[in-house]
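This report concerns only the one structure given below.
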Amino acid sequence: MFKKTVWILMTILTLPASAATVVANVNGTPITDTDITARTKLMSKQGKTSTDNRRVALQNIIDDNIKLAYAANFNAIPEDKVIDKELKKMNLGDLSVAEREMARNALRAEIAWQIIVGRTVLPTVDTTDEDINAEKAAIAREHGLPIEMTIVRLTDIPADIANKLAKPKSCDKAIEIAESMGGVPQKFTALQYELSADIRERVADLPLLTWSPVQDETVLLVCSTKKTDEYKNLDQVIKQNATYKQAMFLADQQLKQLRRKAVIVINDDRYKL
């Protein structure tokens with residue numbers, strides 16, 4: 001009994017003073033509080049902060065482990081030289097040994113996951129014309145398209161007068177109608193992405209030669225539109241973006257399934273959902 005007690009004491013005394021506490025396990029792989037601290041510091045250097053950083057950091061590390069385990073089935077783990085090259089591009093400044101290793105592991109998982117998405121998810125995505133048009137409409141409202149628009153704007157017009165504006169057959173007729181009702185219409189031409197956000201929002205889905213609803217005593221009418229040279233490859237770019245968005249949505253659903261199948265044990269109540 002005495003010898004057993006001495007052995008236990010000697011074991012305790014020989015443990016490193018900085019021995020890390022295992023906070024969680026993912027399929028048998030331990031995640032320590034040191035890992036979480038390194039990840040939170042890394043997140044901070046990337047400008048990612050929240051009131052729940054340590055919980056977010058743990059979830060990120062868990063996801064990294066799940067992604068890498070899955071990617072290993074497809075031989076999709078990137079080489080060290082690829083990781084180091086991408087890490088250099090991130091320009092994170094001075095990193096501790098733990099932070100650097102965490103950054104390399106996070107990058108390895110992210111690149112591996114992108115490879116998986118490219119190999120297994122993207123080929124299954126079928127982007128329809130409806131998807132492309134929806135994406136184009138969203139871009140038009142938020143950023144504007146490289147389309148030249150000729151617009152008539154009528155300001156200082158009461159709602160009751162605006163409601164009496166007849167649908168014109170041409171831009172010139174629109175101006176005549178506005179002037180006949182005492183208005184002073186303004187006609188201008190601009191690229192859609194050059195318009196102010198409020199005007200762009202109002203004309204994005206407005207049919208040609210149709211008065212917009214009155215807003216702030218102002219109505220708008222789009223006389224004509226013209227696709228510029230910049231517009232030539234827009235459909236292809238939008239299709240690529242729409243396809244990528246759908247692929248990432250499907251990939252996120254796949255990751256959720258992998259999480260459910262993974263054996264995740266949280267040892268620290270502070271990190272439990």
Side-chain angles (χ1 to χ4, degrees), residues 46-51 56 114 117 121-122 125-253:
Q46 293 175 298
K48 300 174 183 178
T49 58
S50 74
T51 55
V56 172
Q114 293 296 330
V117 172
V121 181
L122 271 173
V125 176
D126 182 20
T127 306
T128 65
D129 289 340
E130 185 178 348
D131 296 325
I132 295 173
N133 291 333
E135 182 72 10
K136 189 182 294 182
I139 293 173
R141 285 190 294 271
E142 186 172 355
H143 305 290
L145 300 172
I147 292 179
E148 186 178 270
M149 308 185 81
T150 299
I151 298 173
V152 171
R153 176 170 52 193
L154 190 57
T155 58
D156 299 325
I157 179 171
D160 58 335
I161 301 297
N163 291 334
K164 296 177 182 178
L165 290 170
K167 181 177 176 64
K169 294 182 178 180
S170 67
C171 191
D172 291 338
K173 285 294 183 182
I175 292 175
E176 288 180 14
I177 292 171
E179 289 176 338
S180 69
M181 300 184 73
V184 183
Q186 305 164 342
K187 180 181 176 181
F188 62 94
T189 299
L191 291 173
Q192 191 182 51
Y193 60 68
E194 294 176 341
L195 299 172
S196 61
D198 59 328
I199 293 180
R200 187 169 62 239
E201 174 70 25
R202 294 175 65 185
V203 302
D205 301 317
L206 190 64
L208 291 179
L209 298 173
T210 302
W211 296 104
S212 71
V214 64
Q215 182 177 318
D216 297 327
E217 295 190 331
T218 300
V219 292
L220 301 167
L221 177 139
V222 179
C223 298
S224 63
T225 61
K226 177 184 176 183
K227 295 179 181 179
T228 65
D229 290 341
E230 295 178 71
Y231 194 90
K232 289 180 180 178
N233 298 322
L234 186 62
D235 278 358
Q236 183 62 29
V237 172
I238 288 176
K239 182 176 181 178
Q240 290 174 350
N241 289 341
T243 300
Y244 179 76
K245 281 187 177 181
Q246 286 192 38
M248 294 312 296
F249 172 78
L250 294 174
D252 186 60
Q253 298 304 306

Polar contact flag, side-chain donor to acceptor under 3.5 angstrom, Asp172-Ser170: no
Distance (rounded to the nearest 0.5 Å) between His143 NE2 and Gln192 CD: 11.5 Å
Supply the atom-to-atom distance Met149 CE to Glu194 CD, rounded to the nearest 0.5 angstrom. 12.5 Å
Distance-only donor-acceptor hits, side chain of residues 178-187, under 3.5 Å, sequence neighbours excluded:
unit_1: Ser180; atom_1: OG; unit_2: Glu176; atom_2: O; d: 3.4
unit_1: Ser180; atom_1: OG; unit_2: Ile177; atom_2: O; d: 2.6
unit_1: Gln186; atom_1: OE1; unit_2: Arg153; atom_2: NE; d: 3.0
unit_1: Gln186; atom_1: OE1; unit_2: Arg153; atom_2: NH2; d: 3.4

Got a list of side-chain donor-acceptor pairs under 3.5 Å for residues 157-168, not counting sequence neighbours?
unit_1: Asn163; atom_1: ND2; unit_2: Ala159; atom_2: O; d: 3.1
unit_1: Lys167; atom_1: NZ; unit_2: Leu209; atom_2: O; d: 2.9
unit_1: Lys167; atom_1: NZ; unit_2: Thr210; atom_2: OG1; d: 3.1

Could you check if a side-chain atom of Val125 sits within less than 4.5 angstrom of a side-chain atom of Phe249, using non-hydrogen atoms only? no
In residues 213-228, what donor-acceptor pairs under 3.5 Å come from side-chain atoms, sequence neighbours left out?
unit_1: Thr218; atom_1: OG1; unit_2: Asp216; atom_2: O; d: 3.2
unit_1: Thr228; atom_1: OG1; unit_2: Pro146; atom_2: O; d: 2.7
unit_1: Thr228; atom_1: OG1; unit_2: Glu230; atom_2: N; d: 3.4

Would you list the pairs meeting side chain to side chain donor-acceptor pair (under 3.5 Å) in which at least one residue belongs to residues 243-252, sequence neighbours left out? Thr127-Thr243, Asp131-Gln246, Glu135-Lys245
Which pairs with one or both residues in residues 231-240 pass side chain to side chain donor-acceptor pair (under 3.5 Å), sequence neighbours excluded? Lys136-Tyr231, Lys136-Asp235
How close do Ser212 and Arg202 get, heavy atom to heavy atom, and via which atoms? OG-NH2, 3.2 Å
Given side chains that start at C-beta, do those of Leu195 and Ile151 come closer than 4.5 Å, heavy atoms only? yes
Sequence neighbours left out, what passes side-chain hydrogen bond (donor to acceptor under 3.5 Å, both in side chains) with Arg141? Give chain and number order. Asp205
Measuring from Ile238:CD1 to Ile139:CD1, what's the distance to the nearest 0.5 Å? 4.0 Å
